[in-house]
Amino acid sequence: MASIASLLEKHTSTRLNSLNLIVSENRMSQKAQAVLNTDIQSRYAADFYAGTYPAQEIISAVTELTKKVFKTKFANISPVSGNLCVLAVTMSLSKPNDLIARIPPFIPGGGYPFQYNAFDREILSLPFDMDNWQIDIEGSISLLRQKKPLLVVLGPSIFIYPVPVKEIAEVVHSYGGLVAFDGSHPLGLIAGGQYQDPLSEGADLLFGSTHKTLPGPQGGIIVTNDEEIHKRIQVYSNFKPLDGPSLICNPHLARIASTGIVLEETPLEDYARQVVKNSQVIANTLHEEEIPLHGVSNTDYPELTYSHQVLPNFPLEDRIELRNYLTKNRILTDGFNRIGTSEITRLGFKEEECRKLGKIIASLFRKDETKLSEMQEELSELINSHQSVLYCSKPIPQQ
């Protein structure tokens, strides 16, 4: 049996010698990553324990940074994952047997497949227009008016366009419901002002994981401008030692400190803008190469994507085999063939490199064996010339 150390070396070699286009991942800076290996990674912050005042100050500082970046009054940084954010929101803003409306998961729909029914909640899936790769607004509004779910969770995992938050929120608020936006995927784009702003469009709270377009460690945050919502969520996701834990026993201080460094050092607007530009270049290149894409029939948006994702549209039964073929040729995607630009943007890819990459991906999707040798040379050049993490040196101005 191989040692753990050798397996870690194998993992590192695999990633450093491939182009990682997995939409759910990113590359951290050395400074942010180094924090995860410091003494604080095994410590507590509760004031019940002595020696925790510096850790408490870190939590306070990162909370303030989070509020500043997302321009909100309240922030909860305790959840150790985006999934725990969903659970905290579910438990605090609904009760057993309540209806929770969501974007349908996987394909078609692209919503996050959280099992609300495992926590005694009923699921109401909003109608989805697969041709336009968007929520069916009229159908959803009609369904919401009829069923009146008190909690609606918007924000998909497989997406290329903004979500109609304003239209949905107006209906939900009219009967006293709440709208939560799952920003796990676009969180870094939202922070950089290069995607929609769910809170200004009517969402009551925004939550998400911190390691996708936001280039931090795995973890979660929940932000809102509503004090009552914030207090209700605190009951489930903040640990008070003498009261006993609910969802969080230890918020994992190292990842909180690391997230704070990411928020301090990342020029989020510049980075997020380049992520979207790179996605659009790859999407346009694939379209020119006649690779089928989701959303090409959507006439509401002139671009093929407004996020970090490009969505090829192959038959479901072919997607795993295509993923494996790309992996064999050192391009990493997921089983839906989603193409993500967050990590390669962190490594300095601009439009010119993404145009080259788009042509390579198109040839691989076609399995053009005559170009394999040439493509491997181009890939090696792209990989070897982009090994350093960029967009990690500009601090947020202190007020």
Side-chain angles (χ1 to χ4, degrees), residues 21-26 82-83 85-86 101-114 125-137 139-140 152-169 179-199 201-203 206-209 211-214 272-273 275-284 286-287 292-314 316 319 333-343 345:
L21 305 180
I22 295 174
V23 299
S24 304
E25 296 183 350
N26 213 324
N83 189 73
C85 290
V86 183
R102 69 171 183 188
I103 298 172
F106 301 125
I107 294 175
Y112 182 60
F114 186 76
S125 289
L126 298 175
F128 190 82
D129 183 346
M130 188 169 180
D131 289 336
N132 289 321
W133 204 258
Q134 182 61 276
I135 293 174
D136 178 344
I137 299 178
S140 295
V152 177
V153 180
L154 300 177
S157 297
I158 307 172
F159 69 107
I160 44 181
Y161 301 123
V163 178
V165 175
K166 181 177 183 293
E167 295 87 341
I168 299 296
V179 174
F181 192 94
D182 183 350
S184 292
H185 274 270
L187 203 60
L189 306 182
I190 293 170
Q194 303 304 309
Y195 189 61
Q196 67 186 120
D197 182 356
L199 294 178
E201 293 173 19
L206 164 68
F207 66 87
S209 50
H211 63 275
K212 296 182 174 74
T213 53
L214 191 68
R273 183 183 297 112
V275 167
V276 176
K277 284 182 180 179
N278 287 347
S279 295
Q280 291 175 345
V281 167
I282 291 175
N284 290 333
L286 292 179
H287 187 52
L293 299 173
H294 284 296
V296 292
S297 63
N298 192 321
T299 58
D300 293 333
Y301 296 98
E303 295 289 347
L304 292 168
T305 181
Y306 289 77
S307 75
H308 65 303
Q309 300 190 22
V310 180
L311 305 182
N313 185 12
F314 295 109
L316 288 174
R319 296 186 182 217
T333 65
D334 61 22
F336 292 127
N337 305 141
R338 290 181 293 177
I339 296 167
T341 58
S342 298
E343 183 161 330
T345 301

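Computed from a predicted structure; not experimentally measured.
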Do [X] and [Y] have side-chain heavy atoms sitting under 4.5 Å apart?
X      : Y      : result
Asn284 : Glu303 : yes
Ser342 : Lys212 : no
Leu304 : His287 : yes
Gln280 : Tyr306 : yes
Leu126 : Leu154 : yes
Leu187 : Leu206 : yes
Phe181 : Ile190 : yes

No-hydrogen, no-angle side-chain donor-acceptor test under 3.5 Å, Asn132 and Tyr301 = no
Can any side-chain N or O of [X] pair as donor or acceptor with the backbone N or O of [Y] at less than 3.5 Å?
X      : Y      : answer
Thr333 : Arg338 : no
Ser125 : Pro104 : no
Tyr195 : Tyr161 : yes
Ser209 : His211 : no
Gln196 : Val163 : yes
Arg319 : Phe336 : yes
Thr341 : Thr345 : no
Thr213 : His185 : yes

Atom pair [atom1]/[atom2] of [X] and [Y] - distance to nearest 0.5 Å:
X      : Y      : atom1 : atom2 : answer
Asp131 : Thr299 : CG    : OG1   : 11.0 Å
Glu343 : Ser24  : CD    : OG    : 11.5 Å
Glu201 : Lys166 : CD    : NZ    : 9.5 Å
Asn313 : Leu286 : CG    : CG    : 12.5 Å
Leu311 : Ile158 : CG    : CD1   : 7.5 Å
Ile168 : Ile137 : CD1   : CD1   : 7.0 Å

For a quick test of reading the model, state the closest non-hydrogen atom pair linking [X] to [Y] and the distance between them.
X      : Y      : result
Cys85  : Gly208 : SG-O, 3.9 Å
Ser279 : Val310 : O-CG2, 3.4 Å
Pro156 : Ile103 : CD-CD1, 3.8 Å
Ser184 : Asp182 : OG-OD1, 2.7 Å
Gly192 : Ala272 : CA-CB, 4.1 Å
Leu293 : Pro312 : CD2-CA, 3.8 Å

Which of these, Phe159, Phe128, Trp133, sits in a ring pair (Phe, Tyr, Trp, His ring centres under 6.0 Å) with His294?
->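 Result for ring pair (Phe, Tyr, Trp, His ring centres under 6.0 Å) with His294: Trp133.
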